[in-house]
There are 2 protein chains.
Amino acid sequence: MPHDPFSPAHQFNHCSLSTNKSMGRPALHMDCLTKTMGVLDALVMRKRVFTKGSDLIHEDQQGQNAYLLQSGWSCSYALLRNGTRQIINFHVPGDLIGIRRLLIPDVDGNLCAVTRIEVGEIDIESLLAALRSNNCLAMAILWLAFRDEAIVSQHLVDVGRRRPVNRAAHFFLELGSRLSIAHPDMKTAYECPLTQSLIADALGLTAVHFNRVLRHLRELNAMTFHDGWVELLDFDKLEHLADFDASYLQ
Amino acid sequence: MPHDPFSPAHQFNHCSLSTNKSMGRPALHMDCLTKTMGVLDALVMRKRVFTKGSDLIHEDQQGQNAYLLQSGWSCSYALLRNGTRQIINFHVPGDLIGIRRLLIPDVDGNLCAVTRIEVGEIDIESLLAALRSNNCLAMAILWLAFRDEAIVSQHLVDVGRRRPVNRAAHFFLELGSRLSIAHPDMKTAYECPLTQSLIADALGLTAVHFNRVLRHLRELNAMTFHDGWVELLDFDKLEHLADFDASYLQ
DNA sequence: CGCCGATTTGAAATTTATCAAAGTTTGTGG
DNA sequence: CCACAAACTTTGATAAATTTCAAATCGGCG
């Protein structure tokens, strides 16, 4: 095993927000984003810790906060009356979560801590006020919103039109890409604290079937996932399987 | 048939942007949105017409425009190497489309005219400039982005965790809700210029299977869809099937 | 040690896709 | 206005994929 599975991967950082490759439409957002970081940090009222499995935001409750995820992973999900769950997206350290309630109350579904997490709590009214006075911040948040939408759209494509094996390949490639923005070494092997059951609920599969899919990927020598650790053994094969193009992530 | 299928349903209007029910967080966005309309209209450089089936935006091409959909329907979609297509969302008159390329080049996938459409073309650089100087406009666009994300998230839930019958029910209820924002009479019966094949590609089904699903819904006396016309015969039954809650649409 | 959650495997049942073909509608050119 | 072609809808039969149900294993943890 090329990496130590016990290394502290969930340390504090701001990867998604602070680091970005140069873009077609250059400097503009980089400026916004770097400036933004300070603004957002200033808006953090206090640090909070949520235990594994606890809800940050629940549909019913009228939460008034957004969160800057500092360590650990969380996910947003929907619970259906038929007893199933669809996970919309997983969030990794650096992600800003719960911002949709900024403008649309009640519409961020559920947010749940997948591991123990540390977050910076941001009062939504202060954030609103900051947005109104700081145009650069507004652009940065807009950029985040577009990016989130692009990610969710890809998940829809995944679930709607890719076969389970290709879908799983796409999922792990996307995660690797997202993590590697802040930690380039995480592109082909990374710690992943998710259970098979959680991922299955993100991919629209049963846990049993997803387990078989993983075996298939292992037998193809494409990748492995065990003990909370993902290894993308054959990146090219995976990219081909997944029909993956990371441009939507930047 | 209670409605004339030949009535001009695709007339010019701005439903999605101009008309909105009151929200939990009141006046704020209404202000923004109504003010915004004028600003957006002012940004429209010229009116363009696209023929049915033509692409407004194609992945490869570096388009520099967003569009205000004035009449007709369009859709955003992804084409996969395996020959399938996933439709991400359909757009109805009043929708602002192609805005994601505002900040993320290359990431609006494909946009295609489902019917003959008339659009107001908005130069993306002018829109950017307007956003920078007009904070209210920025907030309105942010609101639109959040709403779009909520809609796509629901589609993901649909495709990932609802059975085809419930999925179809949800689809038609959502469309009805979206249309009824501007045209209250369209909530339970509306013109719908989509083919079964298009809807199947939005729902992650084959056209053949979706056709059987439609038959099932018809036999349930829940709804019918033929000749480009949708009738939601038993709204309660549909809502129950779909586990539908329109709050994400407002 | 025993329990609990997560993973793994097998077998059967169900759902959904695929293939094929017949109707039907729609649009176009003569 | 008709004839024809193309696209869309509908149905049946069959094949394939996926879920469901059941049970065994594994590992961590009190």
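None of these values were measured; they are calculated from a predicted model. In what follows, every heavy atom counts, from backbone to side chain, and hydrogens, waters and symmetry copies are set aside.
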> Do the ring planes of A/F244 and A/H170 sit parallel (below 30°), tilted (30 to 60°) or perpendicular (above 60°)?
Replying inline: perpendicular

> When the C1' atoms of the five terminal pairs at each end define the local axes, what inter-axis angle does the helix from C/dC1-D/dG30 to C/dG30-D/dC1 show, to 10 degrees?
Replying inline: 40°

> Starting at CZ of A/F210 and ending at P of C/dT7, how long is that distance when rounded to a whole Å?
Replying inline: 9 Å

> Just checking, any donor-acceptor pair under 3.5 angstrom between side chains of A/Y248 and A/E174?
Replying inline: yes

> Of B/R48, B/K47, B/R46, which is the lone residue that meets salt bridge (charged side-chain N to carboxylate O under 4.0 Å, His left out) with B/E118?
Replying inline: B/K47

>> With side chain to side chain contact (heavy atoms under 4.5 Å, CB included) as the test, pick out the partner of A/Y67 among A/I117, A/D95, A/L96, A/I97.
In response: A/I97

>> Taking side-chain hydrogen bond (donor to acceptor under 3.5 Å, both in side chains) as the definition, give me every residue that meets it alongside B/H91, ordered by chain and number, with sequence neighbours left out.
In response: none

> Considering only heavy atoms, which members of residues 157-174 of chain A lie under 4.0 Å from some atom of DNA chain D?
Replying inline: A/R163, A/P164

> What do the steps show when you test A/L217 against A/T224 for side-chain contact (heavy atoms from CB on, under 4.5 Å), and what is the final call?
Replying inline: CA-CA 7 Å; A/L217 285 168; A/T224 63; over 6 Å; no

>> In whole Å, I'd like the distance from the CG atom of B/L205 to the P atom of D/dA17.
In response: 17 Å

>> For a quick check, with a 4.0 angstrom heavy-atom cut-off, what is the B/S/- contact string for nucleotides 5-14 of chain D, read 5' to 3'?
In response: ----SSBBB-

> A/F210: what forms a ring pair (Phe, Tyr, Trp, His ring centres under 6.0 Å) with it, not counting sequence neighbours?
Replying inline: none

> Taking all non-hydrogen atoms of both residues, which atom of A/V44 and which atom of A/G120 are closest, and how far apart?
Replying inline: CG1-CA, 3.6 Å

> Using a cut-off of 4.0 Å on non-hydrogen atoms, how would the nucleic acid contact of A/G53 be classed: base, sugar-phosphate, or nothing?
Replying inline: nothing

> What pair of heavy atoms forms the shortest contact from B/L56 to B/C112, and how long is it?
Replying inline: CD1-C, 3.9 Å

Please write out the pairs of protein N or O atoms and N or O atoms of nucleotides 24-30 of chain D separated by less than 3.5 Å, giving the distance to one decimal.
none

>> Measuring from atom OG of A/S76 to atom CG of A/N110, what distance do you get when rounded to the nearest 0.5 angstrom?
In response: 9.0 Å

> Nearest 0.5 Å, what's the CG-CG distance between B/N89 and B/D148?
Replying inline: 6.5 Å

>> Rounded to whole Å, please give me the gap between NE2 in A/H216 and P in C/dT9.
In response: 14 Å

> Is the backbone of B/R81 close enough, under 3.5 Å, to the side chain of A/D243 for a donor and an acceptor to pair up by distance?
Replying inline: yes

>> Ignoring hydrogens, what is the shortest heavy-atom contact between B/R162 and B/A242? Give both atom names and the distance.
In response: NH1-O, 2.8 Å

